[in-house]
Protein chains: 2
Amino acid sequence: MTNKNHPCANCSFYEQSLWRPVAGANMSTLARNFTRREMEAGSVLYHQGAPSDGVYCVSRGLFAIRSFGPDGSSSLLRLAYPGELIGYRAFLTGRDHRTEAQALLPSRVCVVAQRDAKQVVRACPEVLTRLAVRCADELDLCHDRIQEAARSPNKERLAQLLEQLMAAHGTKDGRFERMHLPISRQDLADILGVQPETLSRLIKRLQSEGRLRTSGRWIEMPGPMQKHVI
Amino acid sequence: MTNKNHPCANCSFYEQSLWRPVAGANMSTLARNFTRREMEAGSVLYHQGAPSDGVYCVSRGLFAIRSFGPDGSSSLLRLAYPGELIGYRAFLTGRDHRTEAQALLPSRVCVVAQRDAKQVVRACPEVLTRLAVRCADELDLCHDRIQEAARSPNKERLAQLLEQLMAAHGTKDGRFERMHLPISRQDLADILGVQPETLSRLIKRLQSEGRLRTSGRWIEMPGPMQKHVI
DNA sequence: GGGCGTCAGTGACGGTCGTCAAAACCCGCT
DNA sequence: AGCGGGTTTTGACGACCGTCACTGACGCCC
């Protein structure tokens, strides 16, 4: 039994959303008004240092979750695809955002929780459980990333990253267009933790091994697509 | 108003524990029996792959939270000091442990929640909030580590790591004995993500710069102590 | 004491990466 | 077409790190 009043009810990602198991809950206790929000590519949903303004569910598009160091350098911590939740860290802790969420494509988000976390937990503890589990999931991904960073060389990590990006945004023949998914060389380098010059050399090395082809804005890779993990 | 029946009630770390704000809760709904558990140095509280057996609060000693890759290589993900919670990830998600918790010193833990997470959230939602916040905190630390790994060179990270370890276990004059905090060279190298030989050279380089002295099993560092972050 | 295994340190070598600088490229504009 | 600003690529150099091999220190057992 789903709740037709919820903005996610018509999303194809509704099944993954926060709300499926709590369809009968009194929504008004969780957010003043459930709104969708359309975002242009490049616009920012919430900034680093801003106070929590709610939990969002990505229903269309793609978001980059970034963090900026005191010296202005940025790290791309993860990508948020449709069906994923963002903004829950600040919501759970009641502290300011430590990351910024920038739309990489024209995107749409649903506001799934807006009121104070303490009100939410009273009104619907199951929602808090879901948020906590999602937080634990992201922790797992971070642990994986820390481990992999110490082990596999950057060349392999680049190959995996490109496979993942193409699995999400490549066409059926395994071609991945950077301009349609506006990730710059700098962004790719950030993800891998290397400099853009090094990234250029990594790509070249993969090309020379026949594991990757580039033609203009396209990157082509052979092999099967994989599930996304950043 | 504190609950004198709780095993943490007599710990000096009680104030930091999960239980202070919910002292009036009906404890029996959260765990069958609140027990302390004494651990020898080197023994393992929970193994990777084991099902969740509860949430623990470290009340004495020190734990290493490790993860093992499929090839047997290990990463030291973090250290858990007295007052910190461990085991909550498996508890929150209901899935198996992805890490193992090994006592590095003779240690004592309090079992702070043992029943199914769904029962806990019904009995005392505030506890779930605390666990979720703690999970978000660890996520922050992981993000910091990912960012720092990409930025600062290993030499600086080693200097910071030694400062942190000495802040926790060094004597007042800034001497840090490895044998009293049984962290091998391999462990230190794991934390930094380098090989033991490289670690040896890093230490040597810090020595040559006058930023560190070693005499036998001791490592001595000048400068002020810092708060622990792994 | 002698042998043995484990761990820590040292040296040599090659590969990788960061940094700087310059060239090449892309794109919008006039 | 020509120009200017940004991004990407390439080259050269040095620093850093992983790997392998070897040595030395230490503890343990016979």
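Because the structure is predicted, anything quoted here is derived from the model rather than measured. Chain identifiers are assigned alphabetically (A, B, ...) following the order of the sequence lines, protein sequences preceding nucleic acid strands; residue numbering begins at 1 within each chain.
Interatomic distance, A:S200 OG to A:L188 CG, rounded to the nearest 0.5 Å: 11.5 Å.
A salt bridge links B:E138 and B:R78; the closest N-O separation between the charged side-chain nitrogens and carboxylate oxygens is under 4.0 Å. Remark: A:R98 engages B:D144 in a salt bridge, criterion side-chain N to carboxylate O under 4.0 Å. Comment: B:D190 does not engage B:R185 in a salt bridge, judged by the lack of any side-chain N to carboxylate O separation of less than 4.0 angstrom.
Rounding to whole angstrom units, CD of residue A:E156 and P of C:dG15 are separated by 17 Å. Between the P atom of D:dT19 and the CG atom of B:L199 lies a distance of 15 Å, rounded to the nearest Å. Here the P atom of nucleotide D:dC17 and the CD1 atom of B:I203 are 13 Å apart, to the nearest Å. Atoms CG (A:L206) and P (C:dT16) sit 12 Å apart, rounded to a whole Å. What separates CZ of A:R157 from P of C:dT16 is a distance of 15 Å, to the nearest Å. In this entry the distance linking CZ of A:R185 with P of C:dC25 reads 15 Å, nearest Å. Atom CG of A:D187 is separated from atom C1' of D:dG6 by 16 Å (rounded to the nearest Å). Following rounding to the nearest Å, A:L158 (CG) and C:dT16 (C1') show an atom-to-atom distance of 14 Å.
Side-chain contact between A:D53 and A:H97: present, with at least one pair of heavy atoms (C-beta onward) separated by less than 4.5 Å. A heavy-atom distance below 4.5 Å is not found between the side chains of A:L92 and A:R134. At least one side-chain heavy atom of A:Y56 sits less than 4.5 Å from a side-chain heavy atom of A:Y46.
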Between the protein and nucleotides 12-14 of chain D, which nitrogen or oxygen pairs are less than 3.5 angstrom apart?
residue : atom : partner : partner atom : Å
D:dA12  : N6   : A:R201  : NH2          : 3.4

Can you check nucleotides 21-23 of chain C for protein contacts, nitrogen or oxygen pairs under 3.5 Å, and list what you find?
none

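At least one side-chain nitrogen or oxygen of B:Q195 sits closer than 4.0 Å to the OP1 or OP2 atom of D:dT19. At the phosphate of C:dC17, OP1 or OP2 sits under 4.0 Å from a side-chain N or O atom of A:N154. The phosphate of D:dG11 has OP1 or OP2 within less than 4.0 Å of a side-chain N or O from A:K204. The side chain of B:R205 places an N or O atom within less than 4.0 Å of a non-bridging phosphate oxygen (OP1 or OP2) of D:dC17. OP1 or OP2 of D:dT9 sits under 4.0 Å from a side-chain N or O of A:S200.
Under a cut-off of 6.0 angstrom, the local environment of CD in B:E209 is crowded, with over 12 non-hydrogen atoms contributed by other residues, nucleotides or ligands.
Contacts of A:K155 with the nucleic acid, taken as non-hydrogen atoms under 4.0 Å apart, are absent. Backbone-only contact: B:L202 has heavy atoms under 4.0 Å from sugar-phosphate atoms and none from a base.
B:S59 and B:R108 form a side-chain donor-acceptor contact under 3.5 Å, judged by distance and modelled atom types alone.
Using modelled atom types, no side-chain atom of B:S43 and backbone atom of B:M39 make a donor-acceptor pair closer than 3.5 Å.
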